Protein chains: 2
Amino acid sequence: MEKRHDHAEAIKLARENMPKDELLCDLGDLFKIFGDTTRIKILYLLFESELCVLDMTELLGMEQSAVSHQLKILKDAKLIASRREGKMNVYFLSDDHVRSIIGQGFEHLTEEGERE
Amino acid sequence: MEKRHDHAEAIKLARENMPKDELLCDLGDLFKIFGDTTRIKILYLLFESELCVLDMTELLGMEQSAVSHQLKILKDAKLIASRREGKMNVYFLSDDHVRSIIGQGFEHLTEEGERE
DNA sequence: ATATCATATGAACAATGATTCATATGTATG
DNA sequence: CATACATATGAATCATTGTTCATATGATAT
């Protein structure tokens, strides 16, 4: 009887190419940030234009405090950045990876849909 | 004094391009799946070769039950698929979006690192 | 059939995390 | 300096979620 799945070989290959635990942890932490609807919404908002906190609070229909908390998380992850403008803090995307990552997720979802 | 941040215009632009809530939710749910080290590890393992549950249990040094639970989550999200081979269930990546998404996350992390 | 191997699954528990409330910081203006 | 405006932050709460334990299902061989 032919053996189709070769445990030893598969395990060897998989083990050799496993990145360090720290990187895997960082990756998880990064994606965790995208794993929340509020934060996804904020990022989408910033796709189009810079926004101050009150703008976002209004657009999201949420409490100002909740928005600020999420902005901090996004900023700590360097996904967004901000600058002062008088009394306001204006937020904007800090690089294009955000668009790429969300774009890939979007593709996965829509192609799944088509197949069914 | 020149007004640098135009609230009305920014809000209008942002609101027009906001996808439906359902999509935003689905996106969040998808990324939530990548937001766990165990699942990231499993996906990385499957980058190289198909694996049965016991292979992964050994490679991850985790309980079989924990691995199975995570496999179910990945399978429900159509990120992986499986086939029977005798007593075993052999798992494999179901499409290349997994590689792209993780790749983008990886890039964000490493480029951040370089800049500092 | 029964014993065994491989995997799946349900319930319980502990940890994590998003939101709210209350309050503090920072900035302009009278 | 006092007041109002814009934002940030700490503590508390409620919900979500990963893991474990115990057990169920499914497949093979004797």
Side-chain angles (χ1 to χ4, degrees), chain A residues 1-7 10-11 24-25 28-43 45-46 50-77 80-92, chain B residues 1-7 10-11 24-25 28-43 45-46 50-77 80-92:
Chain A
M1 171 206 177
E2 191 197 6
K3 221 184 180 181
R4 312 192 105 259
H5 178 65
D6 181 345
H7 297 276
I11 288 183
L24 295 167
C25 229
D29 289 343
L30 175 63
F31 286 118
K32 215 168 284 179
I33 292 173
F34 288 90
D36 174 79
T37 310
T38 298
R39 288 191 290 265
I40 291 270
K41 280 184 188 172
I42 290 176
L43 294 173
L45 290 176
L46 297 178
E50 306 183 331
L51 291 166
C52 74
V53 180
L54 278 190
D55 291 342
M56 294 190 249
T57 301
E58 183 184 334
L59 282 160
L60 297 170
M62 296 177 59
E63 299 231 345
Q64 174 267 318
S65 175
V67 176
S68 271
H69 277 297
Q70 297 309 330
L71 287 172
K72 175 163 172 47
I73 293 174
L74 290 166
K75 194 175 180 180
D76 286 348
I80 64 176
S82 68
R83 66 161 188 279
R84 267 258 168 212
E85 243 182 61
K87 283 184 271 192
M88 301 185 286
N89 262 347
V90 178
Y91 284 86
F92 48 91
Chain B
M1 169 205 178
E2 191 198 6
K3 222 184 179 181
R4 311 193 106 256
H5 177 65
D6 181 345
H7 296 276
I11 288 182
L24 296 167
C25 228
D29 289 343
L30 176 62
F31 286 119
K32 215 168 283 176
I33 293 172
F34 288 89
D36 173 80
T37 310
T38 299
R39 287 191 291 264
I40 292 270
K41 280 184 188 172
I42 291 175
L43 294 173
L45 289 177
L46 297 178
E50 307 182 332
L51 291 166
C52 73
V53 181
L54 278 190
D55 290 342
M56 295 190 248
T57 300
E58 182 184 334
L59 282 160
L60 297 170
M62 296 178 59
E63 297 231 348
Q64 174 267 317
S65 173
V67 176
S68 270
H69 277 298
Q70 298 309 330
L71 287 172
K72 175 165 173 47
I73 292 174
L74 290 166
K75 194 174 179 181
D76 286 347
I80 63 175
S82 68
R83 67 161 188 281
R84 268 258 170 211
E85 243 182 60
K87 281 184 272 193
M88 302 184 288
N89 261 348
V90 178
Y91 283 86
F92 48 92

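All figures in this text were calculated on a predicted structure; none of them were measured in a lab. For the numbers below, each heavy atom of this structure counts, side chains included, while hydrogens, waters and symmetry mates do not. Each chain gets a letter, A, B and so on, in the order its sequence line appears, and its residues count up from 1.
When all heavy atoms of A/Cys52 and B/His5 are compared, the pair lying nearest together is N-NE2, 3.6 Å. What you find for A/Leu51 and B/Ala10 is that their closest heavy atoms are CD2-CB, 3.6 Å. Shown here for A/Leu74 and A/Ile33, the closest heavy-atom pair between the two residues is CD2-CG2, 3.6 Å. The shortest non-hydrogen separation linking A/Lys87 to A/Arg84 is O-NH1, 2.9 Å. Between A/Leu46 and A/Tyr91 the shortest heavy-atom distance is CD2-O, 3.5 Å.
With sequence neighbours excluded, the residues that form a side-chain hydrogen bond (donor to acceptor under 3.5 Å, both in side chains) with B/Gln64 are B/Ser68. With sequence neighbours excluded, no residue forms a side-chain hydrogen bond (donor to acceptor under 3.5 Å, both in side chains) with A/Thr37. With sequence neighbours excluded, the residues satisfying side-chain hydrogen bond (donor to acceptor under 3.5 Å, both in side chains) with B/Lys72 are B/Asp76. Listed by chain and number, the residues in a side-chain hydrogen bond (donor to acceptor under 3.5 Å, both in side chains) with A/Lys75 are A/Ser82 (sequence neighbours excluded). Among residues two or more places apart in sequence or in another chain, the ring-ring contact (aromatic ring centres under 6.0 Å, His included) test is passed with B/Phe34 by A/Phe31.
A heavy atom closer than 4.0 Å to some atom of DNA chain D occurs in A/Cys52, A/Val53, A/Leu54, these being the qualifying members of residues 51-62 of chain A. For residues 66-77 of chain B, proximity to DNA chain C is found at B/Ser68, B/His69, B/Lys72, defined as any non-hydrogen atom under 4.0 angstrom from a strand atom.
The distance from atom NZ of A/Lys32 to atom P of C/dT16 is 9 Å, rounded to the nearest whole Å. When rounded to the nearest whole Å, the span between NZ of B/Lys87 and P of D/dA29 equals 7 Å. D/dT7 atom P lies 8 Å from atom CZ of A/Arg84, rounded to whole Å. Here C/dT16 presents its P atom at 12 Å from CG of A/Asp29, a figure rounded to the nearest Å. Going from atom OH of A/Tyr91 over to atom C1' of D/dT7 covers 7 Å, rounded to whole Å. Note: CZ (A/Phe31) to P (C/dG17) measures 16 Å, nearest angstrom. Spacing between atom CG of A/Asn89 and atom C1' of C/dG26 amounts to 9 Å, rounded to whole angstrom units. B/Lys41 has its NZ atom 14 Å from the P atom of D/dG18, to the nearest Å.
Between B/Val67 and the options B/Leu60, B/Leu59, B/Asp55, a side-chain contact (heavy atoms from CB on, under 4.5 Å) holds for only B/Leu60.
For residues 57-69 of chain A, no residue pair satisfies the salt bridge (Lys or Arg N to Asp or Glu O under 4.0 Å) rule, not counting sequence neighbours.
Side-chain atoms of B/Gln64 stay outside donor-acceptor range of the base of C/dA6, with no qualifying N/O pair under 3.5 Å. Side-chain atoms of A/Ser65 stay outside donor-acceptor range of the base of D/dT7, with no qualifying N/O pair under 3.5 Å.
OP1 or OP2 of D/dG18 has not a single side-chain nitrogen or oxygen of B/Thr38 nearer than 4.0 Å. Remark: A/Arg39 is in phosphate contact with C/dA18, judged by side-chain N or O atoms under 4.0 Å from OP1 or OP2.
Between the axis at the start and the axis at the end of the helix from C/dA1-D/dT30 to C/dG30-D/dC1 there is an angle of 10°, using five pairs per end and rounding to 10 degrees.
Out of D/dC21, C/dC21, C/dT27, the shortest distance to the side chain of A/Glu63 is found at C/dC21.
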